[in-house]
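Comments concern the structure below.
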Amino acid sequence: MTQILVTRPLPESVMERVRTLGDVTERAQTTSLSQSEMHSALSDYDIVLPTLGDLFSQSVFDSVSDIRCKLLANFGVGYNHIDVKAASDRGVAVTNTPGAVTDATADIAMTLMLMTARRAGEGERLVRAGQWEGWHPTQMLGLHLSGKTVAIIGMGRIGQAIAKRCHFGFGMQVVYASRSPKALDFPAEACASVPEAASKADVVVVAVPGGAETKHIINADVFAHMPAHAIFVNIARGDVVDEAALIEALQRKEIGGAGLDVYEFEPKVPEALMGMENVTLFPHLGTASLEVRTEMGHMAVTNIAAYLNSEPLPNPV
Ligand code: NAP
C-alpha cells in the first residue's frame, strides 16, 4: 500500500480525503520536520505532503542514498524551503497550491497597509492600556491611503490582487517592478528597477517568491529611495528583505513605518521591531482562514491523486 506522510495537522475534510489514497502517517506536531524526520520522509514514504519550514535542502537529498519518495506535494504556493533541482535530480516531483492563497494573502497585505498607515495597532494598544483621553482634532494623525501611490514589487498573482484592491478600492495609482513584462487589466506603470518603483510610492509592497534569486531584493538602497513618510509591507517571505537594513531605515526615520507578516529568521521577530509603534507585526497570517487552508489542502491532495492515477500533475513547480 502507498505510504503517505502528512507533516502537519490539516483541516479534517482534507485528512479524510487523503486517508482514502493510502496508508497515511499523520504527524501530530505543528513544528517543522527535524533532519532525521526529513531523512525518514524521503526514505520511508512514497509521497510526502510537506509545508513551510520543512527544509528539503540539497544536503538532505544527498544524505539519503536510496530515496523511496516520488512526490513532495507541498501545502502552500511558496516552495523556497524545497530545493526543487535537487529533488528533480533524484526523481522526486514537487507540486504546490497556487491560486488558493491569492485573495486571502492580498487581504492581509491591505490589513497591514491600513493598520500601519492609520496607526491602528498603536491606537488599539493605547485604548487597552486605559490611556485614551478622548478624541481631539490632532490626535494620532496617520497617512490617508485613498488616492496615494502603491509600488508592487513582484506583479504575480498576489501582487495583482493587491494592486486591484488598491486601484479599485482606494483609487490609488499603481507602479510596479517585476521580472517580466505584464499585460494587466488595470492601469499600472512599469518601472525599470525596484528602487525606481520605491521612489515613487507612498506604500511599497513586496510579493515575490523567496529563494536565492530574490534574497534581500529589498535592501538599504530600496529604503533610501522610499520617501520618508512611505510605508513598507512584506507578505512574501522573510528573506526577501534585509531585516537589519529595515530596522536601520526605521530607526533613522528614512521610512514612515512597516507592516510585516513574515520575518527573515521566522519565527524570531527582532526586539527592535517589537519596540516600534509604527510597525505592525503579524504571525504569518497570509492564508490563515479555514476555507483557504481547506482549499490549499485539497489542491495538495488532488496532486497526490493525480500522481497515483499516473495523470499529469495539476500544479508542478
Ligand atoms: P507568483 O504568481 O509566482 O508571483 C510572483 C511574482 O514575482 C511574479 O510576477 C514573478 O515574476 C515576480 N518575481 C520573481 N522574481 C522576481 C525578481 N527577482 N524581481 C522582481 N519580480 C520577481 O506567486 P504568488 O502566488 O503571487 O505568490 C508570491 C509569493 O508570496 C509566494 O511565493 C509565497 O512565498 C508568498 N506567499 C506568502 C503568503 C503568506 O502567508 N504571507 C501566502 C501566500 C504566498 P514575473 O514578473 O516573471 O512573473
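Note that ligands are numbered from 1 as they come in the structure, with each ligand's atoms numbered from 1 the same way.
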My understanding is that we take every heavy atom of each candidate and find the minimum distance to [atom]. Doing that for [options], which one comes out nearest?
atom	options	answer
atom 10 (C) of ligand 1	R179, H284, K215	R179
atom 43 (C) of ligand 1	I152, T105, T97	T105
atom 35 (C) of ligand 1	G78, A177, A236	A236
atom 13 (N) of ligand 1	V292, L285, I235, V208	V208

Indicate yes or no: does [X] engage [Y] in a salt bridge with an N to O separation below 4.0 Å.
X	Y	answer
D44	R68	no
D66	R90	no
K200	E189	yes
R179	E213	yes

Near [X], which atoms of ligand 1 are under 4.0 Å from a heavy atom of that residue?
X	answer
T287	40 (O), 42 (C)
S178	9 (O), 12 (C), 20 (C), 21 (N), 45 (P), 46 (O)
S180	45 (P), 46 (O), 47 (O), 48 (O)
E213	15 (N), 18 (N)

Practice task
Check whether any N or O atom of R157, backbone or side chain, sits under 3.5 Å from an N or O atom of ligand 1, and answer yes or no.
Solution key: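 Among all N and O atoms of R157, at least one is under 3.5 Å from an N or O of ligand 1.
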Problem - ligand 1 to D261 polar contact by distance, N or O atoms, under 3.5 Å - result: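 Yes - when backbone and side-chain N and O of D261 are compared with those of ligand 1, one distance drops under 3.5 Å.
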Between ligand 1 and [X], can you find any atom pair, the residue atom being a heavy atom, that is separated by under 4.0 Å?
X	answer
T102	no
A207	yes
Q160	no

Exercise for the section: Examine the proximity of ligand 1 to M155 and report which part, side chain or backbone, both or neither, has a heavy atom under 4.0 Å away. Expected result: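 For M155, only backbone atoms sit under 4.0 Å from ligand 1.
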Handout entry: Region of I217 that comes within reach of ligand 1 [heavy atoms, distance under 4.0 Å]
Key =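 The side chain, only.
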Problem - Heavy atoms from other residues, nucleotides or ligands near CZ of F56 exceed 12 (cutoff 6.0 Å) - result: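 Buried by this count: over 12 neighbours within 6.0 Å.
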Problem - With E12, the salt bridge (charged side-chain N to carboxylate O under 4.0 Å, His left out) member among R293, R19, R17 - result: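 Considering R293, R19, R17, a salt bridge (charged side-chain N to carboxylate O under 4.0 Å, His left out) with E12 is found only for R19.
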Practice task
Find out if a path of hydrophobic residues (ILVMFWY) with successive side-chain heavy-atom gaps under 4.5 Å connects F168 to Y176.
Solution key: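 Yes; tracing contacts between hydrophobic side chains, which count when under 4.5 Å, links both residues.
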Handout entry: Interatomic distance, T25 atom OG1 to L49 atom CG [nearest 0.5 angstrom]
Key =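 Going from the OG1 atom of T25 to the CG atom of L49 covers 12.5 Å.
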Practice task
Output the distance between atom CG (L42) and atom CD (E37), rounded to the nearest 0.5 Å.
Solution key: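 One finds 12.0 Å between CG of L42 and CD of E37.
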Exercise for the section: Return the residue, atom name and 0.1 Å-rounded distance of the protein heavy atom closest to atom 26 (O) of ligand 1. Expected result: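 Answer for atom 26 (O) of ligand 1: I158 N, 2.8 Å.
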